[in-house]
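Below is one structure, written out as structure tokens; comments come after it.
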Amino acid sequence: MGAVTCAGILSPARATAAPAVAPGLDDPAKKEIAMKLVSSAENSSLDWKAQYKYIEDIGDGRGYTAGIIGFCSGTGDMLDLVELYADRKPGNVLAKYLPALRRVDGSDSHDGLDPDFPGDWRKAARDTAFQQAQNDERDRVYFNPAVRQGKTDGLRALGQFAYYDAIVMHGDGGDATSFSSIRRRALRQAKPPAQGGNETTYLNAFLDARVWAMKQEEAHSDTSRVDTAQRVFLRQGNFDLNPPLDWKVYGDSYHIG
């Protein structure tokens with residue numbers, strides 16, 4: 001008995017557990033935080049699920065802006081959304097606007113949409129199939145690409161969110177203010193962690209580039225969603241976006257406990 005016991009005592013040391021990796025922005029709890037942060041900037045509310053029905057022309061040259069992520073009639077993402085909804089639910093209340101949405105794509109025109117499109121959008125927003133279509137298009141076009149690029153660059157949840165918020169506002173086209181152009185501008189100033197750079201230094205460079213892009217458009221010239229939100233978390237070193245979170249957008253204060 002003693003020999004057996006001693007053999008157990010003298011066995012090789014236990015393997016050390018690998019350190020836990022903090023969840024990325026695609027973790028459900030972190031994603032919920034991301035949705036609330038964007039909604040505070042886009043809709044002055046943390047209740048992002050109340051925004052399925054949101055629709056207005058904010059005068060930024062993109063036609064109607066609507067839904068949980070600001071799908072625009074002038075930039076193609078609203079058209080893609082309504083096409084997806086029509087595929088999943090033929091004959092829905094928005095399907096009749098598809099020809100008009102194709103015509104106005106690339107412009108700020110409401111031709112063929114007024115006067116009933118906003119009301120019909122709000123009707124559609126009560127349909128869980130349309131809500132799910134909004135969720136899926138948000139993830140396909142904006143959230144998933146931002147998180148994927150953030151992880152490739154070695155960024156934690158805060159950096160992934162900075163990418164997501166940028167692609168929501170600027171899209172990822174070929175112009176100088178698109179997400180990819182903002183990222184390239186930042187890369188000229190600093191390396192991301194995946195390339196051996198310092199995360200704080202790189203994110204400051206990215207946010208500097210983001211602010212420059214925002215100031216190119218009058219409708220986006222208020223940079224508080226960066227200055228009094230994302231930079232606050234960065235100065236605190238809160239790379240994992242751990243609550244509690246306190247920030248301001250357009251002078252309004254928000255809190256996630």
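This is a predicted model, so every value here is computed, not measured. Just so it is clear, the values below take in all heavy atoms, side chains as well, and ignore hydrogens, waters and symmetry mates.
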Looking only at heavy atoms, what is the nearest atom pair of [X] and [Y], with distance?
{"X": "Ala209", "Y": "Ala186", "answer": "CB-N, 4.1 Å"}
{"X": "Ala66", "Y": "Met78", "answer": "CB-CE, 3.7 Å"}
{"X": "Gly173", "Y": "Ser178", "answer": "O-OG, 2.9 Å"}

Is a donor from one side chain sitting under 3.5 angstrom from an acceptor on the other, for [X] and [Y]?
{"X": "Asn43", "Y": "Tyr54", "answer": "no"}
{"X": "Tyr85", "Y": "Glu83", "answer": "no"}
{"X": "Arg183", "Y": "Ser180", "answer": "no"}
{"X": "Asp172", "Y": "Tyr142", "answer": "no"}
{"X": "Asn135", "Y": "Gln131", "answer": "no"}
{"X": "Asp208", "Y": "Gln189", "answer": "no"}
{"X": "Asp175", "Y": "Thr177", "answer": "yes"}

(request) Answer yes when Asp139 and Lys31 have at least one side-chain N-carboxylate O distance shorter than 4.0 Å, and no when they do not. (result) yes

(message) Salt bridge or not between Arg102 and Asp105? Use side-chain N to carboxylate O under 4.0 Å.
(response) no

Assign the ring pair [X] / [Y] to parallel, tilted or perpendicular, where the plane angle (0 to 90°) is split at 30° and 60°.
{"X": "Phe143", "Y": "Tyr164", "value": "perpendicular"}
{"X": "His110", "Y": "Tyr64", "value": "parallel"}
{"X": "Tyr254", "Y": "Trp247", "value": "parallel"}

(request) Verify salt bridge (Lys or Arg N to Asp or Glu O under 4.0 Å) between Asp127 and Lys89, making sure each step is shown before the conclusion. (result) CA-CA 10 Å; Asp127 183 358; Lys89 194 168 185 177; 2.8 Å; yes

[X], [Y]: one ILVMFWY side-chain cluster at the under-4.5 Å cut-off?
{"X": "Leu234", "Y": "Leu155", "value": "yes"}
{"X": "Leu84", "Y": "Val82", "value": "no"}
{"X": "Tyr250", "Y": "Val168", "value": "yes"}

(message) Is it true that, when you exclude Lys151 itself, more than 12 heavy atoms of the residues, nucleotides or ligands shown sit nearer than 6.0 Å to its NZ?
(response) yes

(request) Would you check if His255 and Leu245 make a side-chain contact, meaning some heavy-atom pair closer than 4.5 Å? (result) no

(request) Would you sort out whether Glu217 and Arg62 count as a salt bridge (Lys or Arg N to Asp or Glu O under 4.0 Å), showing the intermediate values? (result) CA-CA 12 Å; Glu217 293 185 79; Arg62 293 175 170 88; 3.0 Å; yes

